[in-house]
Each structure stands twice: as structure tokens, then as C-alpha cells.
Amino acid sequence: MEQFVGMSKTGSIKEAAEGLKNPQFLILFDSSKERFKESVSQLEEMFPGVPSIGCVGQFYGKTQVLENGVMVVGFSGGIRAAADVFTDVSTMPVKCIRKFQQNVTNISASADNTVLIDFCSGNDECVLATMESVLKSKKIQLTGGTAWEGLVCCNGQVYEDACAYALVKNESGRVKVYKENIYLRKDAVKHIVTKSEPRTYTIQEIDGRRAEDVYTKELGISPENITEQTMVNPLGRVIGDETYIISIKERTGNGSFSCYRKVNPKDNICFLQAGDHKQILQETIESIHKDFSKISGVFSVNCLFRYLYFQQKGFVNEYLEEMGKLGSHAGLVGLGEHYNGQHTNQTMSAVVFE
């Protein structure tokens, strides 16, 4: 398997795809909402019939982040892919489940060599639950993220209110999905969400008290600092031994705040604290090296808040250089991240191809 990464600061698809030959699967990112449809059409004209997905957003590859431009990631040499789309994800993504089941069957997906990569325009939890109902029994891994501007593409077409996905089978080796969380449990105490509005991603009460009051007292901050404090102290949803990060979006009045992912009543949550991001990255890299002696490519999704946090710490270039040592590395700066059926924030989710 080979992974090609091409970028253009001017937004030229031709420049980004220069040198790419005989791809079997394509990913496209464009930072411009206005240019996106044209970019999708041009890529389809250059590589007609090749399965492809993509979205609007910022991206990174070749040890640099581009906030403006386009990127093409091409997979070839023993890759088999099936790309398709869930439509009407805000209301009824389950209507596409039969086609999804058929795609899983057609590609002969298996646990050790197949990954699902997806880009979703919203309602991530519902879409992931729909896909997981099929993937779980086959133990198919998943990575992906939330698109910018609500726009995704699949096989040369642009969609709103949709999730573009691709089942990617590595016929020359294994695949494995990883999750990196740079935030640690602040203490062993668990809290209960006693009142929330999942539809609006709003938390109203924690432990029977106003959510704002619990958060500010725990961290010793004023309510005005809540939204910026989430960069250092996000919340975490506790599921068994795993913690999935919840980023706070904004205060919504009456002691409530909204988040970037859905929170349900009776969810167990905890307070998180930023850890040693350099050490945690090295642990991730060591774990990957332990699993793979040969790496053909790495595709990842990093949260926008992680990117901004790394910028504050002057760590963006070092992070990309270290990840680049694994091999060809590219990915999306997402507005949310997907990891094996879970929607999370302030996280890195990545798939490694042997």
C-alpha cells in the first residue's frame, strides 16, 4: 500500500494531485466553502470512477498545516475501497442502512485489514450509532471527524446534511485505529449530568446543581472564563475504562452551557486536566511502533481545539515532525472526532496502514 499526499496553497487541484498515479481511493480537503464544489468536480474529472470522500476544512500533511488551500490524499497499491453517503443525517440517517450493509458485504470487510473513514456534517452520535450497528458485529474499526461548513463530498458529488464514508480494505497488510487523549482525569471523582438537552448539546445541571456553578467552583474560575478554560480543563464522558472528551462551546444563560458533542441525562462525567502533551505523543508513537514494523501511511483527525492548544504551546511543528517520522502522514483539523463508534472532542483519532 502507498499513501500519496499533495497540497496546494493556491487551491489548485492539478497542483495538489501532481505525481499521483493510479489511485484506488481518494480523500479531498478544501479550506474554501465557495471553491469546494469546483474542487470536487475537478478531482472527479482527473480520476473518474475512483472512490472518493472529502469535506471542507483545514488540514495537514508533509509536516505543515494549511489553513487555506486544498489537499489530495491518494491510496494505491493493494487498496480496495467502497465510498458512499448517509443523507438526511439530522433527521433519519437509518434510511441508508441497507445500502451501508451491502457495501460492507461487497468489500468483504474484515477486522484486521478494513477501516471505515467518515466525514460528517452533524448529528454525529446518531450517525455513528447507525454505522456501529453494522460494524460492531464484524469488529470493523472506524476513524473520522466533523466537517467544517456542513459540506461533504462523495464520488464527485457535494452533499449537505450528510455523512460521506469509505470502507477501505488494505489487501497488502493490516490496519489499526488509535486514539490519543492529552487530557488526564483531574481526580477520581465522577459527576452525574442530572439535566441536559441533548438536541441542543446543552448541559443545565451537574449533580443537581447549575452546571456553571459546578464547573467554576471545581476550577476556581469566574463564569466569564468558562469557554477559554475548556482548552485546559474540558469535561470527559466516562464509559468503562475509557474517557471521551467534551468541549464546552458557550454559556447559554441560567447557569447552563452548550458543548460540541451531545451529553445525555445520567451520563457519568469527570473533570480533565491537560497533561504532558510531548510525553503522551511519544507514548502514542511507541505504541504504533510496537504494533507495526512497517508503516505505509497514517491518516488522522486532530481537533481544532488541539491545534489551537498546540499553537499556544508552540508545538504544532514538532508534533507534525514527530508524526511524520512514522511515514506518510496526513489528516484533517476536525470540529469533532470519531473513534470506533464514539463522537469525541479535543482528541486525535488515527488509522495506521501496514
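All values derive from a computational prediction rather than experimental measurement.
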Using the rule ring-ring contact (aromatic ring centres under 6.0 Å, His included), only one of Phe29, Phe59, Tyr159 pairs with Phe119; which is it? Phe29
[atom1] of [X] to [atom2] of [Y]: how many Å apart, nearest 0.5 Å?
X	Y	atom1	atom2	answer
Ser8	Lys14	OG	NZ	12.0 Å
Leu326	Ser296	CG	OG	12.0 Å
Ile79	Phe25	CD1	CZ	8.5 Å
Asn181	Ile245	CG	CD1	3.5 Å
Glu242	Gln342	CD	CD	8.5 Å
Phe292	Ser287	CZ	OG	9.5 Å

Side chains of [X] and [Y], donor plus acceptor under 3.5 Å:
X	Y	value
Asp88	Thr91	no
Gln229	Asn225	no
Gln279	Glu283	yes
Gln157	Glu44	no
Glu67	Tyr307	yes
Ser108	Asn106	no
Asn317	Glu321	no
Asn22	Ser76	no

Do side-chain atoms of [X] reach the backbone of [Y] as a donor and acceptor pair under 3.5 angstrom?
X	Y	result
Thr284	Ile280	yes
Ser31	Gly69	yes
Asn268	Val238	no
Gln3	Val298	yes

Minimal non-hydrogen separation, [X] against [Y], with atom names:
X	Y	value
Ile53	Ala83	CG2-CB, 4.0 Å
Asn113	Gly173	CB-O, 3.4 Å
Ile203	Ala211	O-CB, 3.6 Å
Ala330	Val73	CB-CG2, 4.0 Å
Cys126	Pro93	SG-CG, 3.7 Å

Does [X], at its [atom1] atom, have more than 12 non-hydrogen atoms belonging to other residues, nucleotides or ligands within less than 6.0 Å?
X	atom1	answer
Lys195	NZ	no
Glu2	CD	no
Gln282	CD	yes
Glu160	CD	no

Contact check, side chains of [X] and [Y], non-hydrogen atoms, under 4.5 Å:
X	Y	answer
Asp187	Phe271	no
Lys138	Thr114	no
Lys176	Gln141	yes
Val333	Arg306	no
Leu281	Phe315	yes
Asn103	Ile107	no
Glu132	Asn340	no
Val50	Pro48	no

What class does the angle between the rings of [X] and [Y] fall in, given that below 30° is parallel, 30 to 60° is tilted and above 60° is perpendicular?
X	Y	value
His329	Tyr60	tilted
Phe257	Tyr215	perpendicular
His277	Tyr309	perpendicular

Salt bridge (charged side-chain N to carboxylate O under 4.0 Å, His left out) pairs touching residues 220-231, sequence neighbours excluded, are none
With salt bridge (charged side-chain N to carboxylate O under 4.0 Å, His left out) as the rule and sequence neighbours excluded, what pairs involving residues 254-276 come up?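 Pairs touching residues 254-276 that pass the test: Arg237-Asp267.
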Could you list the donor-acceptor pairs under 3.5 angstrom formed by side chains in residues 347-354, with sequence neighbours left out?
{"residue": "Thr347", "atom": "OG1", "partner": "Thr344", "partner atom": "OG1", "Å": "3.3"}
{"residue": "Thr347", "atom": "OG1", "partner": "Asn345", "partner atom": "O", "Å": "2.6"}
{"residue": "Ser349", "atom": "OG", "partner": "Thr143", "partner atom": "OG1", "Å": "2.7"}
{"residue": "Ser349", "atom": "OG", "partner": "His338", "partner atom": "O", "Å": "2.9"}
{"residue": "Glu354", "atom": "OE1", "partner": "Arg174", "partner atom": "N", "Å": "2.9"}
{"residue": "Glu354", "atom": "OE1", "partner": "Arg174", "partner atom": "NE", "Å": "3.4"}
{"residue": "Glu354", "atom": "OE2", "partner": "Arg174", "partner atom": "NH2", "Å": "3.3"}

Nonpolar side-chain network containing Val189, other nodes, edges under 4.5 Å: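 Via sub-4.5 Å side-chain contacts, Val189 links to none.
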side-chain contact (heavy atoms from CB on, under 4.5 Å) filter on Ser39, not counting sequence neighbours, yields Ile13, Leu28, Asp30, Arg35, Val70
Applying the side chain to side chain contact (heavy atoms under 4.5 Å, CB included) criterion to Met71, which one of Leu66, Ile27, Val5, Leu332 satisfies it? Val5
Only one of Leu184, Leu235, Ile269, Leu272 forms a side chain to side chain contact (heavy atoms under 4.5 Å, CB included) with Thr243, so which one is it? Leu272
Begin from the C-alpha positions of Arg80 and Leu167 and carry the test side-chain contact (heavy atoms from CB on, under 4.5 Å) through to its verdict. CA-CA 8 Å; Arg80 184 180 175 191; Leu167 289 149; over 6 Å; no
Strictly below 4.0 Å, N to O, side chains only: are Lys186 and Glu218 in salt-bridge contact?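 Result for this pair is yes, salt bridge flagged.
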So, Lys278 and Glu318, do they make that salt bridge, N to O below 4.0 Å? yes
Looking at Tyr319, does the NZ or CZ of Lys313 lie under 6.0 angstrom from its six-membered ring centre and within 45 degrees of the ring axis?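 Geometry flag: not set, cation outside 6.0 Å or 45°.
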Residues that Arg251 engages under salt bridge (Lys or Arg N to Asp or Glu O under 4.0 Å), provided they are two or more places apart: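 Here the qualifying residues are Glu212.
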hydrophobic_cluster_shared for [Y] and [X], side chain cutoff 4.5 Å:
X	Y	value
Leu26	Met7	no
Val40	Leu20	yes
Met131	Val89	yes
Ile239	Tyr260	no

